[in-house]
Amino acid sequence: MTPLILVTNDDGVHSPGIIALFKAMKEIGDAYIVAPDRERSAVGHALTLHRPLKVEELRENVFSVNGTPTDCVALAIHKILPRRPDLVASGINRGANLGDDITYSGTVSAAIEGTILSVPSFAISLVGDKPFHCETAAPFAIEVAKYILEKSLPYDTLLNVNVPNVPRRDMIKGMKITRQGKRVYDSAIQDIFSPWGDKHYWIGGGKPYWEHGEDMDIQAVLDNYVSVTPIHLDLTNYEALEYLKKTWKQS
């Protein structure tokens, strides 16, 4: 049976990135888009609980949802698709999802929701600034998707893929399996003022700082490699678990 592939994102159903990913997934399977009707960047793993959701079929195999990326995956798997998908592909995101960024990312959260619902999933992002070269990332999306469809993934695990935003694929040295790095932003909250002098705050921007390490996702992209990071949904710190069992007097 031809693989059924759910394509989603957090940049919205009309984003060039999701169109490029949709075209790429159509080369290897029966692809459907179910994505937010507008940009939903940095919404994390949010579900819409306090209002109904509307699904609109824009054209064949393309649906928009007035909700979050997580909403889109849940609705697609349970209500919209003709059968259970074999793969969830989320992206191609405009901007990096490296290090701690993944905790905020709607793109990665869509892949997390797919994983929670026991569908092998990956997220793919372009690291850099405009113009975004989705055509560079698309072949790597195909490579990752083929691997997952053939080999599957370990339990409770998704792949977070970050591609250097360069004009040509031959400018990329290759792919590296990496671990999640650590990245924080300095001066990421800006003071702004209304025309009446009222003070407000705008979250965003700032200079990123990261922990260096050759096997980290951030370093791989800086070295012009595609970073492929397996992300495990079990957040338990097992070393801390054993430490606490030994040192915390339990009743």
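Quick note: numbers below take in every heavy atom, side chains included, and nothing from hydrogens, waters or symmetry partners. Position 1 is the first residue of the sequence; numbering continues from there.
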Pairwise distance CD1(Ile148) to CG(Leu153) - rounded to 0.5 angstrom: 4.5 Å

Donor-acceptor pair, side chain of Asn61 and main chain of Ile33, under 3.5 angstrom: no

Between Asn9 and Ser90, a side-chain donor and acceptor under 3.5 Å: no

Donor on one side chain, acceptor on other, Ser125 and Asn97, under 3.5 Å: yes

Side chain to side chain, Gln190 and Tyr201, heavy atoms closer than 4.5 Å: no

Main-chain N/O of Thr68 paired to Asp10 side chain as donor or acceptor, under 3.5 Å: no

Ser64 and Asp37: side chain donor to acceptor below 3.5 Å: no

Heavy-atom pair with the smallest gap, counting every atom of Val34 and Ala76: CG2-CB, 3.7 Å

Axial cation check for Tyr225 ring with Lys176, 6.0 Å and 45° limits: yes

Interatomic spacing from CG in Asp86 to CD1 in Ile28 - rounded to 0.5 Å: 10.5 Å

Heavy-atom closest pair, residues Glu57 and Glu60: OE2-CA, 4.2 Å

Check: Glu113 side chain, Thr70 main-chain N or O, donor-acceptor pair, under 3.5 Å: no

Minimal non-hydrogen separation, Thr136 against Val166, with atom names: OG1-O, 2.7 Å

Heavy-atom check, side chain of Leu233 versus side chain of Ile112, under 4.5 Å: yes

Donor-acceptor under 3.5 Å (Asn66 side chain, Lys54 main chain): yes

Gap separating the CG atom of Leu158 from the OG1 atom of Thr115, nearest 0.5 angstrom: 4.0 Å

Asp100 side chain to Thr103 side chain, donor-acceptor N/O pair below 3.5 angstrom: no

Gap separating the CD1 atom of Ile102 from the NE2 atom of His45, nearest 0.5 angstrom: 12.5 Å

Ser105 (side chain) donor-acceptor with Asp101 (main chain) under 3.5 angstrom: no

Donor-acceptor contact below 3.5 Å, side chain Ser109 vs main chain Gly44: yes

Shortest non-hydrogen separation from Ala110 to Val73 and the atoms involved: O-CG2, 3.6 Å

Reported NE2-to-CZ distance for the pair His133 and Arg168, which is rounded to 0.5 angstrom: 10.5 Å

With Cys72, the side chain to side chain contact (heavy atoms under 4.5 Å, CB included) member among Val7, Leu6, Thr8: Thr8

Contact summary for Gly17 and Cys134, nearest pair of heavy atoms: CA-SG, 3.6 Å

Same cluster (ILVMFWY, side-chain, under 4.5 Å), Met216 and Leu98: no

Within-4.5 Å side-chain heavy-atom neighbours: Phe22 and Val62: yes

Exam field: side chain Arg84 to backbone Ile77, donor-acceptor pair closer than 3.5 Å: no

Asn165 side chain vs Asp129 backbone, donor-acceptor pair below 3.5 Å: yes

Over 12 non-hydrogen atoms of neighbours within 6.0 angstrom of CZ in Arg83: yes

Rounded distance [0.5 Å steps], OG in Ser15 versus CD in Glu39: 8.5 Å

Distance-only polar pair, side chains of Asp30 and Thr2, donor-acceptor under 3.5 Å: no

Ion pair Lys173/Asp223, N-O distance below 4.0 Å: no

